[in-house]
Amino acid sequence: MSENIRVRFAPSPTGYLHVGGLRTALFNYLFARKNKGKFILRIEDTDRSRYVEGAVENLIETLKWVGLDYDEGPDVGGEFGPYFQSQRLELYHKYAKELIDKGYAYYAFDTPERLKQLREEQLKKKLQPKYDKRDLYLSKEEVKKKLEAGEPYVIRLNVPPSEKVIVTDVIRGTVEFNTDIIDDQILIKSDGYPTYHLANVVDDHLMKISHVIRGEEWLPSTPKHVLLYKYLGWELPVFAHLPLLLNPDRSKLSKRQGDVAVEDYKAKGYLKEALINFVALLGWNAGDDKEFYLMDELIEKFSLEGVNKAGAVFNIEKLNWLNGEHIRFKSAEELLPLVKEEYEKSEYANLNLSDEYLLKIINAMKERVEFVKDFIYTCKYFYEAPKEYDENVLRKRWKADTPEHLKTLLDEFKKLENPAKEDFEQTLRATAEKLGIGAGKLIHPVRLAVSGVGKGPGVFDLLYIIGKDEVIRRIETALEKIKTEEN
RNA sequence: GGCGCAUUCGUCUAGCGGUCUAGGACACCGCCCUCUCAAGGCGGAGAUCACGGGUUCAAAUCCCGUAUGCGCUACCA
């Protein structure tokens with residue numbers, strides 16, 4: 001492996017960062033960090049019709065959010081800039097011209113109509129649709145005349161017939177293509193912008209990219225790139241084509257079948273750690289059974305050799321599990337800012353709850369949540385008194401003698417002063433003993449009365465967190481409400 | 001249609017010629033723990049390694065073919 005490892009993530013600013021893009025970016029990032037190389041962000045904005053306002057900012061923001069910091073890029077600069085392809089137009093024209101001079105490319109003046117017609121005819125004859133090289137045979141004078149007349153033109157690659165092009169890929173080995181099936185690819189469009197193929201090759205060379213790590217959808221066009229490198233007299237980078245991310249029905253991951261934008265996952269409450277962890281495991285494995293990874297460990301373990309060849313279905317269930325795992329891995333203090341953010345967006349924001357209170361909730365709920373949001377919506381009883389009582393639990397746990405038992409307990413609770421968790425427990429157990437009943441006969445009704453539901457943290461934690469006064473209030477209202485409902 | 005890539009439990013995967021009567025994880029089921037729900041622990045079910053031929057003393061692992069899936073086939077990336 002060469003000493004100067006330089007890789008790049010080169011998205012088009014067409015909207016948001018796709019999870020497939022995230023995976024590609026991540027693998028580039030991991031490879032760079034692992035090998036002490038450079039990770040570069042380059043914006044491939046050569047299709048003006050697909051350009052979306054604000055997409056670049058959005059891309060950068062989400063990349064920052066997940067922690068994929070790049071060494072060179074549009075907003076951080078670098079010695080190989082500019083990092084927007086739209087600002088590098090002269091460069092592409094320079095090399096396109098060089099190719100023309102060498103006979104590897106040529107001007108073409110076809111109208112879109114002719115091209116369309118040509119295609120249809122070829123399709124009808126069941127031929128491979130490709131340009132017929134009509135304008136390759138224009139004389140220099142004719143070309144000059146048309147150019148001077150201001151006729152719209154494109155520049156096409158002059159692909160030679162019946163040659164073999166070998167693509168060497170670290171993940172897939174050697175792939176052979178015959179040039180007969182390769183079209184005379186347009187290099188420069190009639191609007192003066194380059195196509196991906198030219199821009200990509202020129203920039204990768206100029207930016208000294210050592211490894212091209214990108215999605216598998218690029219494999220079929222790699223022979224064109226190889227030709228370009230050859231004609232320009234440039235050294236080939238190492239290619240690595242990553243397996244695709246798939247929908248559950250095994251088609252290429254797309255919207256329609258679930259969320260596809262990284263920002264959607266962020267909005268849904270996924271931790272960046274979980275997303276990174278999950279996406280890293282889609283098509284890569286260290287060769288062992290480890291599944292829980294932090295970024296540093298990924299960097300340490302990553303290698304292109306560990307990348308799979310087959311596409312991977314994006315399995316949301318596993319992401320969910322990993323999200324829970326990462327929540328559990330974090331301390332309550334680390335979780336606090338995340339929970340606060342959710343809390344402040346919630347209907348309970350005006351409660352002015354203290355950090356201490358939130359911390360208690362976090363500790364009580366950490367083992368039972370999958371999302372940060374769950375710290376609020378899965379345990380609303382920490383924020384408000386129950387509005388209703390779960391009927392199934394009611395039926396199962398609220399017996400005829402329950403109100404009486406609860407009243408006794410209530411009296412005991414009222415005597416408590418500044419009770420700790422242990423005080424609640426002691427009191428409840430002692431009361432149960434006094435009444436000659438199992439502690440469960442009190443525990444379950446108390447939980448129901450205080451939380452309205454039959455699940456959650458241990459009751460004594462619950463009571464302690466909610467606090468004596470509120471506990472008493474809630475038990476009293478439960479006694480009232482449930483009695484009246486029974487009658 | 002053409003070209004290319006891929007194919008191990010439902011899903012993500014381990015496996016790189018003998019240790020595989022194929023291992024782990026998610027999801028599912030059961031048990032334990034227990035005041036509930038989780039978490040955790042233990043166990044279960046789940047893959048004739050797509051199929052068919054070879055090569056070899058020996059193949060999930062190498063080769064060929066078939067099937068299926070997917071990708072590409074644009075003045076999109």
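Heavy atoms only: backbone and side chains are in, while hydrogens, waters and symmetry mates are out. The chains referred to below are lettered A, B, ... by the order of the sequence lines, with proteins before strands, and numbering in each begins at 1.
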Identify the pairs formed between an N or O of the protein and an N or O of nucleotides 48-51 of chain B at a distance under 3.5 Å, and give each distance.
none

Tell me, which of [range] have any heavy atom that sits under 4.0 Å from an atom in RNA chain B?
{"range": "residues 448-456 of chain A", "value": "A:G454, A:K455, A:G456"}
{"range": "residues 362-386 of chain A", "value": "A:E367, A:R368"}
{"range": "residues 323-333 of chain A", "value": "A:E325, A:R328"}

Side-chain donor-acceptor pairs of residues 8-16 of chain A under 3.5 Å, sequence neighbours excluded:
{"unit_1": "A:R8", "atom_1": "NH1", "unit_2": "A:D204", "atom_2": "OD1", "d": "3.0"}
{"unit_1": "A:R8", "atom_1": "NH1", "unit_2": "A:D204", "atom_2": "OD2", "d": "2.5"}
{"unit_1": "A:S12", "atom_1": "OG", "unit_2": "A:E44", "atom_2": "O", "d": "3.2"}

Residues that [X] engages under ring pair (Phe, Tyr, Trp, His ring centres under 6.0 Å), provided they are two or more places apart:
{"X": "A:F39", "answer": "A:Y29"}
{"X": "A:Y265", "answer": "A:Y270, A:F314"}
{"X": "A:H18", "answer": "none"}

Once base and sugar-phosphate atoms are separated, protein heavy atoms under 4.0 Å mark nucleotides 1-7 of chain B, 5' to 3', with B, S and - as BSSSSSS
cation_pi(A:R23, A:F27) dist<6.0 Å, angle<=45:
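Yes, a cation-pi geometry holds between A:R23 and A:F27.
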Might you list the N or O atoms of the protein lying below 3.5 Å from N or O atoms in nucleotides 19-23 of chain B, with each pair's distance?
{"unit_1": "B:G23", "atom_1": "N2", "unit_2": "A:D289", "atom_2": "OD1", "d": "3.4"}

Taking side chain to side chain donor-acceptor pair (under 3.5 Å) as the definition, give me every residue that meets it alongside A:S49, ordered by chain and number, with sequence neighbours left out.
A:D47
List, one per line, each side-chain donor-acceptor pair under 3.5 Å for residues 440-449 of chain A, sequence neighbours excluded.
{"unit_1": "A:H444", "atom_1": "NE2", "unit_2": "A:R397", "atom_2": "NH1", "d": "3.4"}
{"unit_1": "A:R447", "atom_1": "NH1", "unit_2": "A:P457", "atom_2": "O", "d": "2.8"}

